[in-house]
Amino acid sequence: SGWFRRLLHKPKPNSVERGRSTSSSPSSSSAESSGSSPGMSLARSVRPSPVSVSDINASGSARWAKSYDVCICHSEVDLELVEELVAYLEGQPESFRCFLQLRDAVPGSAVVTELCDAVQNSHCWVMLITPGFLRDPWCKYQMHQALAEAPMANGRTIPVLKDVDRKDYPKELRNLYYIYMALKENSFRQIRDTVMRYLQELCRSSTSRME
């Protein structure tokens with residue numbers, strides 16, 4: 001009878017555990033059941049790690065090893081949306097440093113040289129994948145450059161889908177989780193949180209090596 005009473009009074013899982021069991025997105029569930037690749041939507045904001053903003057902004061932080069925090073790869077037809085994203089990121093308390101080609105490229109320099117330099121000198125690469133992106137050979141070139149650089153640069157490629165069906169998601173990116181842009185404000189926040197988390201991981205690993 002004692003074990004039966006203990007079973008009746010067994011504590012319920014706390015809210016955090018329940019949240020973990022129920023927080024997966026519909027796209028995640030369907031992808032797991034169908035056995036598809038992990039290129040699914042990141043349906044909620046990434047929670048930043050404990051490393052503080054002051055640690056990231058400190059003068060000796062690994063963040064400053066590169067010129068940019070984020071390089072935005074996009075189609076020219078999506079420039080207005082990208083400018084809004086850049087204004088949002090640069091207006092955050094962390095003052096993220098963004099490379100926007102039409103604004104930051106050096107006049108007179110070769111386009112390919114500027115792109116390669118921006119990719120090499122950025123911690124994260126946001127791919128704004130839209131119908132215009134998929135039609136533009138130059139965007140495909142930017143994507144391949146970022147993917148080629150990522151293993152050597154220890155960077156983070158962040159695909160962002162807008163008005164594109166899952167079936168049209170570039171096969172080169174299908175091993176990466178993506179953010180699906182439905183509500184612009186939510187998606188901007190997800191991008192910000194993802195960049196922030198990467199910088200926190202970068203600072204933490206750099207501190208561990210020094211110790």
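Here the shortest heavy-atom pairing between Val77 and Gly132 reads CG2-CA, 4.1 Å. Residues Cys71 and Ala118 approach most closely at SG-CB, 4.1 Å, considering heavy atoms. Across all non-hydrogen atoms, the minimal contact from Cys98 to Asp104 is O-OD2, 3.2 Å. Shown here for Ala146 and Val119, the closest heavy-atom pair between the two residues is CA-CG1, 3.9 Å. Between Leu173 and Met143, the shortest heavy-atom distance links the atoms CD1-SD, 3.7 Å. The two atoms that bring Arg166 and Arg174 nearest to each other are O-NH2, 3.9 Å, heavy atoms only.
Residues Gln101 and Glu114 are not in side-chain contact: their nearest non-hydrogen atoms beyond the backbone lie 4.5 Å or more apart. Residues Arg135 and Phe133 have side chains not in contact (no heavy-atom distance under 4.5 Å, counting atoms from C-beta outward). Side-chain contact between Tyr88 and Ile191 is absent, with no heavy atoms from C-beta onward closer than 4.5 Å. With contacts defined as side-chain heavy-atom distances shorter than 4.5 Å, the pair Leu176/Tyr169 qualifies. Between Leu134 and Pro170 there is a side-chain heavy-atom pair separated by less than 4.5 Å. Tyr178 places none of its side-chain heavy atoms less than 4.5 Å from the side chain of Ile129. Contact of the Leu100 side chain with the His74 side chain is registered, since non-hydrogen atoms from C-beta on lie closer than 4.5 Å.
Note: Thr194 OG1 to Met196 CE = 12.0 Å, rounded to the nearest 0.5 Å. Here OG1 of Thr157 is found 15.5 Å from OH of Tyr177. Values are rounded to the nearest 0.5 Å. How far OG of Ser187 is from CG of Leu85: 9.5 Å, rounded to the nearest 0.5 Å. In this structure, CG in Asp69 is found 4.0 Å from CZ in Arg97, a value given to the nearest 0.5 Å. To the nearest 0.5 angstrom, Asp136 atom CG is 8.5 Å from Glu76 atom CD. To the nearest 0.5 angstrom, Leu81 atom CG is 5.0 Å from Phe188 atom CZ.
Under the 4.5 Å side-chain heavy-atom criterion for ILVMFWY residues, no single connected hydrophobic cluster contains both Phe99 and Phe96. Two different hydrophobic clusters hold Tyr68 and Leu89 under the rule that ILVMFWY side chains link at heavy-atom gaps under 4.5 Å. The hydrophobic cluster containing Val70 also contains Leu102, counting ILVMFWY residues as joined when their side-chain heavy atoms lie under 4.5 angstrom apart, directly or transitively. Linking ILVMFWY side-chain heavy atoms closer than 4.5 Å, directly or via other members, places Val112 and Leu147 in a single hydrophobic cluster.
A salt bridge links Glu94 with Arg192: the distance from a Lys NZ or Arg NE/NH1/NH2 to an Asp or Glu carboxylate oxygen falls below 4.0 Å. Using a 4.0 Å cut-off between charged nitrogen and carboxylate oxygen, Glu185 and Arg189 do not count as a salt-bridge pair.
A donor-acceptor contact shorter than 3.5 Å links the side chain of Asn121 to the backbone of Asp117. Between the side chain of His123 and the main chain of Arg63, a donor-acceptor pair closer than 3.5 Å is present.
Few gaps surround CD on Gln92; more than 12 heavy atoms of other groups in view lie less than 6.0 Å from it.
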